[in-house]
Amino acid sequence: MSLPTHLFQPIESDLTTVEDRLELLGEEAGPTLGPILTGVLLAPGKRLRPALTLTCGQLFKPSTLGLKTMAAAVECLHTATLIHDDVMDEPGERRGEPALYRQAGNAIALLIGDYLFAQAALIASETNNLRIMRLFADAVAKVCKGQIEEFSRDQEARMWLTREDYYRTIDAKTGALFVLACESGAVLGEASLAAADALREYGRSLGLAFQIVDDVLDLIGDEALLGKPAGSDLRQGVATLPIIYLRDEIPETTLRAAFGQDGPREQAIEEIRYQARSGKGIEAAYQEARHWADDAAARLDGLPRGTFRDLLRELTIGLVDRQT
């Protein structure tokens with residue numbers, strides 16, 4: 001299943017405002033760039049990160065223009081990272097459609113990603129909050145550092161990636177944006193330092209759980225639901241947590257073939273996917289995802305009770321149980 005359709009109902013009108021702001025960004029970009037931006041910014045998606053910003057802010061005070069503005073900045077930044085990721089990873093598809101680099105070429109895709117990074121910063125600056133801008137800059141730096149570290153590994157290092165290095169990578173590439181989404185919402189909601197710290201840790205743990213489940217679904221999920229070919233991580237030479245666990249269950253020759261660039265690679269990838277469905281690695285990865293989701297839920301203790309805390313708590317369950 002996907003996330004429950006009712007989950008974001010308390011912030012539905014605010015999410016519509018965020019969508020409107022993203023649409024305006026495309027309209028203002030001119031006849032050449034505008035349609036491309038509209039296509040990538042308004043593509044179907046979970047809108048999870050802006051939803052977190054809106055929800056974390058409204059834990060403490062009613063929604064404000066600044067909060068909705070920051071939510072739009074977070075989604076704009078997220079889209080920029082996806083575009084850059086696709087150029088480097090070459091997945092072929094994104095959300096069931098050809099990835100932007102396949103439509104416009106690598107050079108144009110990179111420039112569009114850069115443009116969206118700049119626009120995200122400009123939108124965030126409209127909050128007139130120095131603390132927000134520091135959080136934004138920290139998140140961008142951490143995402144870039146994580147990406148650099150990942151792509152600096154040679155094939156051997158990728159194939160034998162350690163659990164510790166895996167977590168360092170996803171903490172940077174995924175956790176950083178979840179942290180920004182949650183902590184910026186808390187700051188704009190004028191939460192106490194202790195409450196903002198709690199939501200920062202909530203965001204980090206939720207982001208780790210989200211990415212582990214994403215990695216599991218990439219390996220064994222339904223391609224029709226995922227909107228991309230299953231096994232994409234292996235084709236990109238990326239070892240994820242389920243692969244780290246599965247390494248003990250599959251022959252090394254099969255693993256090496258899957259991480260190679262020629263020969264029986266596709267056959268090896270399909271063998272690993274088949275083994276994953278009956279092996280212990282997937283359940284071990286899910287157990288870790290549940291651990292991080294439980295940790296995220298525990299961070300909410302002591303925060304204001306009500307609809308918005310309930311929403312954040314329900315997310316810790318829905319993100320682990322989802323199929324997309």
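Quick caveat: nothing in here was measured; it's all calculated off a predicted structure. What's counted below: heavy atoms across the whole structure, side chains too, no hydrogens, waters or symmetry copies. Residue numbers run from 1 in the order of the sequence given.
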Keeping to residues at least two apart or across chains, list the salt bridge (charged side-chain N to carboxylate O under 4.0 Å, His left out) pairs with something in residues 156-165.
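As it turns out, the salt bridge (charged side-chain N to carboxylate O under 4.0 Å, His left out) pairs with a partner in residues 156-165, which skip direct neighbours, are Glu156-Arg256, Arg163-Glu288, Asp165-Arg168.
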Any salt bridge (charged side-chain N to carboxylate O under 4.0 Å, His left out) pairs touching residues 118-132, not counting sequence neighbours?
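Found Arg21-Glu126.
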Atom [atom1] of [X] and atom [atom2] of [Y]: how far apart are they, to the nearest 0.5 Å?
{"X": "Ile243", "Y": "Glu249", "atom1": "CD1", "atom2": "CD", "value": "10.5 Å"}
{"X": "Asp114", "Y": "His84", "atom1": "CG", "atom2": "NE2", "value": "4.0 Å"}
{"X": "Leu241", "Y": "Thr169", "atom1": "CG", "atom2": "OG1", "value": "12.0 Å"}
{"X": "Leu219", "Y": "Ile272", "atom1": "CG", "atom2": "CD1", "value": "8.0 Å"}
{"X": "Leu315", "Y": "Arg313", "atom1": "CG", "atom2": "CZ", "value": "11.5 Å"}
{"X": "Leu217", "Y": "Ser232", "atom1": "CG", "atom2": "OG", "value": "12.0 Å"}

May I ask you to decide if [Y]'s main-chain N or O and [X]'s side chain share a donor-acceptor pair within less than 3.5 Å?
{"X": "Tyr202", "Y": "Leu312", "answer": "yes"}
{"X": "Asp215", "Y": "Thr240", "answer": "no"}
{"X": "Arg235", "Y": "Arg265", "answer": "no"}
{"X": "Arg273", "Y": "Ile220", "answer": "no"}
{"X": "Arg204", "Y": "Gly175", "answer": "no"}
{"X": "Thr55", "Y": "Leu52", "answer": "no"}
{"X": "Arg153", "Y": "Met159", "answer": "no"}
{"X": "Thr38", "Y": "Pro35", "answer": "no"}

Are any of the side-chain heavy atoms of [X] and [Y] separated by less than 4.5 Å?
{"X": "Lys142", "Y": "Lys145", "result": "no"}
{"X": "Met133", "Y": "Ser125", "result": "yes"}
{"X": "Ile212", "Y": "Tyr166", "result": "yes"}
{"X": "Ile11", "Y": "Phe308", "result": "yes"}
{"X": "Tyr274", "Y": "Ile250", "result": "no"}
{"X": "Val140", "Y": "Cys144", "result": "yes"}
{"X": "Leu48", "Y": "His78", "result": "no"}
{"X": "Lys46", "Y": "Arg322", "result": "yes"}

Verify same cluster id: [X], [Y] (apolar side-chain graph, 4.5 Å):
{"X": "Ile269", "Y": "Trp160", "value": "yes"}
{"X": "Ile244", "Y": "Leu255", "value": "no"}
{"X": "Leu42", "Y": "Tyr115", "value": "yes"}
{"X": "Tyr245", "Y": "Val216", "value": "no"}
{"X": "Val143", "Y": "Tyr167", "value": "no"}

Are any of the side-chain nitrogens in Asp295 or Arg299 under 4.0 Å away from the carboxylate oxygens of its partner?
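Looking at Asp295 and Arg299, the cut-off is met.
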Answer yes or no: is there an ion pair linking Glu283 with Lys280, defined by an N-O contact shorter than 4.0 Å?
no
Minimal non-hydrogen separation, [X] against [Y], with atom names:
{"X": "Ala268", "Y": "Ala257", "value": "CB-CB, 3.6 Å"}
{"X": "Pro50", "Y": "Val74", "value": "N-CG1, 4.3 Å"}
{"X": "Ala124", "Y": "Met70", "value": "CB-SD, 3.9 Å"}
{"X": "Arg49", "Y": "Ala181", "value": "O-CB, 3.4 Å"}
{"X": "Leu116", "Y": "Ala80", "value": "CB-CB, 3.7 Å"}
{"X": "Cys182", "Y": "Gly203", "value": "SG-CA, 3.7 Å"}

Which is it for Arg200 and Val179 under the side chain to side chain contact (heavy atoms under 4.5 Å, CB included) test, yes or no, and what are the steps along the way?
CA-CA 5 Å; Arg200 176 185 181 85; Val179 165; 3.4 Å; yes
For Arg277, I'd like to know if atom CZ has over 12 heavy atoms of other residues, nucleotides or ligands within 6.0 Å.
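Check passes, neighbour count above 12.
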Report the C-alpha distance between Leu208 and Phe178 in whole Å, list the side-chain angles of each, state the deciding distance to 0.1 Å, and finish with yes or no for side chain to side chain contact (heavy atoms under 4.5 Å, CB included).
CA-CA 9 Å; Leu208 295 179; Phe178 275 72; over 6 Å; no
Does [X] have any side chain to side chain contact (heavy atoms under 4.5 Å, CB included) partners at least two apart in sequence or in another chain, and if so, which?
{"X": "Asp14", "answer": "Leu54, Gln58, Ser63, Lys68"}
{"X": "Pro251", "answer": "Thr253, Thr254"}
{"X": "Asp197", "answer": "none"}

Among side-chain atoms of Glu271 and Gln267, is any donor-acceptor pair under 3.5 angstrom?
yes
Please assess Leu24 against Asp20 for the test side chain to side chain contact (heavy atoms under 4.5 Å, CB included), listing each intermediate value before the final yes or no.
CA-CA 6 Å; Leu24 180 63; Asp20 291 343; over 6 Å; no
Those residues that, when tested against Phe136, pass ring-ring contact (aromatic ring centres under 6.0 Å, His included) (two or more places apart):
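For Phe136, no residue satisfies ring-ring contact (aromatic ring centres under 6.0 Å, His included) once neighbours in sequence are set aside.
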How far apart are the C-alpha atoms of Phe117 and Thr81, what are their side-chain angles, what is the distance that settles it, and do they pass the side chain to side chain contact (heavy atoms under 4.5 Å, CB included) test?
CA-CA 8 Å; Phe117 272 112; Thr81 65; 3.9 Å; yes
Is the positively charged end of Arg247 above the ring of Phe259, judged by distance under 6.0 angstrom from the centroid and angle within 45° of the axis?
no
